[in-house]
Amino acid sequence: MHTQPPPTPTRSSLFWRLQTTGWCGFALLLMTMAGASSYFSLQHSLLLILLRCGLGFLITCGLRPLWRRLRHATGHTWFKGALVFFGCGLAAILEHALNIQLAQLTRNELFLGPDARFFFLISPVVRWMLFWLWSVLYFSINYWLDTKDTPLRLARAEAEARAAELELLKAQVNPHFLFNALNSILAESSRPESVRNLTHALAAYLRFSLRQTTPFARLGVELDALSYYLKVEKTRFEESLDYTLEADAQARDALAPVALVQPLLENAIKYGQHAPIRPLRITIAAKVENGWLHLTVRNTGHWVEARGLATTGTGLANLRRRLDLLYGPRATLHTGEAGGEVTIQVTIPLQPL
């Protein structure tokens, strides 16, 4: 049984944790200092500390939405800093006014004695600095969180862009197959049985294609679906096409990118038919060795560029791009020509099922 990591706290929950812990810790610190001071009686000191910390908690909660809006506003940093500094001064004056109002309402000796007057005289300056320190911590923590979240946001954006590009590249494969299959059906229009078989093969392959909603699938699933594709092409070329599918059980069970083999097969048929050798022989082989999946597609013929035939190379270019997006430098695609055969070999690392 796998244990899930604890959820990352949101900024709001983190704020309330730090806000509550900070002010409670500040209150405990003042209580400890008050126990060693004779400025006020212990009872009056505790009451004053609870009052001031409670007001400080409420005022800084009020500062939070203002500073949050200021964080996202445009403007020079020094101008924002000046606004924060004077804003903290206004907050300190507001708290001072609330204390005076409370003293007049309660007429408590705690607020009216000569010691209290002196205390409240210097209090606005002290509270101004306290609110300024709180604001510095607020902006510093949010800046650290922004810096920490930026790589994650960029990674998510890149992953979404890669997924969209993969979908686009994968979608470009199916029109080629549809075009070839429909041409073959049209060519067999005078033979109803052949048309029926071709339509069945086309429907079977499209069913496979539409069910692929993830970037990866077992290689054997695609090989089975490609057997329908090859039936369509065999009808089209008749005796001019021979093909062989060879894959061991481990290779068929390996996870591979969806539509990995099809562009290689399309490439072999599209350009191999221009070779003078008949029949066109195509071999698809897959095996697993030392944690790597090796896929090889061979066809009789020559590279079309060497024979001066026009080609865009879009299929191979798309496949190279997809492999790069999925595996980076760990995937390779090698091409070669020898002995009247063109060979394309793809090597990718095995993935856990």
Side-chain angles (χ1 to χ4, degrees), residues 166-167 169-185 187-188 194 196-273 279-288 293-301 314-316 318-320 322-323 326 331 333 335 341-348 351:
L166 282 171
E167 287 300 316
L169 293 173
K170 188 173 68 174
Q172 292 176 4
V173 175
N174 290 330
H176 294 290
F177 172 73
L178 281 173
F179 180 78
N180 291 334
L182 292 175
N183 276 340
S184 297
I185 291 174
E188 296 294 319
S194 180
R196 186 161 40 252
N197 293 335
L198 286 173
T199 304
H200 177 266
L202 175 60
Y205 185 82
L206 290 179
R207 189 181 304 115
F208 152 79
S209 181
L210 293 173
R211 286 178 178 174
Q212 304 310 306
T213 58
T214 60
F216 297 92
R218 285 179 170 83
L219 182 62
V221 176
E222 183 182 2
L223 293 179
D224 291 340
L226 284 178
S227 65
Y228 295 109
Y229 174 91
L230 287 167
K231 286 181 181 179
V232 173
E233 295 299 74
K234 179 65 174 177
T235 302
R236 177 185 173 193
F237 290 101
E238 298 181 338
E239 300 303 321
S240 296
L241 174 65
D242 284 336
Y243 61 87
T244 305
L245 287 173
E246 300 173 351
D248 59 33
Q250 194 173 2
R252 292 182 61 87
D253 202 41
L255 285 180
V258 171
L260 171 65
V261 188
Q262 182 174 329
L264 303 179
L265 179 56
E266 287 183 344
N267 186 79
I269 294 176
K270 181 177 180 180
Y271 302 117
Q273 61 181 298
L280 169 62
R281 292 187 174 88
I282 296 177
T283 301
I284 301 173
K287 62 180 179 179
V288 172
L293 174 63
H294 301 277
L295 173 68
T296 304
V297 177
R298 292 188 182 90
N299 65 273
T300 53
T314 304
L316 289 183
N318 283 354
L319 182 57
R320 288 183 189 275
R322 289 177 58 215
L323 292 175
L326 292 170
L333 190 156
T335 60
E341 282 190 335
V342 174
T343 301
I344 301 178
Q345 185 174 52
V346 174
T347 302
I348 58 176
Q351 295 198 106

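With sequence neighbours left out, the salt bridge (charged side-chain N to carboxylate O under 4.0 Å, His left out) criterion links D248 to no other residue. A search for side chain to side chain contact (heavy atoms under 4.5 Å, CB included) contacts involving A268 returns I282, V297, N299, not counting sequence neighbours. With sequence neighbours excluded, the residues forming a side chain to side chain donor-acceptor pair (under 3.5 Å) with T347 are H294, listed by chain and number. Annotation: side chain to side chain contact (heavy atoms under 4.5 Å, CB included) contacts of D224 (sequence neighbours excluded): R252. A search for side chain to side chain contact (heavy atoms under 4.5 Å, CB included) contacts involving T335 returns W303, R320, L333, I344, not counting sequence neighbours. The side chain to side chain contact (heavy atoms under 4.5 Å, CB included) test applied to T296 returns R298, T343, Q345, not counting sequence neighbours.
Atoms CD1 and CG, from I348 and L326 in turn, are 9.0 Å apart once rounded to the nearest 0.5 Å. For the atom pair NE2 (H200) and NZ (K231), the distance works out to 7.5 Å, reported to the nearest 0.5 Å.
Side-chain contact between V288 and D253 is absent, with no heavy atoms from C-beta onward closer than 4.5 Å. Taking the side chain as every heavy atom from C-beta outward, L264 and L316 approach each other to under 4.5 Å. Annotation: side chain of V221 is not in contact with side chain of V258 (no heavy-atom distance under 4.5 Å).
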Original post:
Please walk me through it: do L255 and L293 pass side chain to side chain contact (heavy atoms under 4.5 Å, CB included)?
Top reply: CA-CA 9 Å; L255 285 180; L293 174 63; over 6 Å; no
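Residue K234 places its NZ atom among more than 12 non-hydrogen atoms of other residues, nucleotides or ligands, all under 6.0 Å distant.
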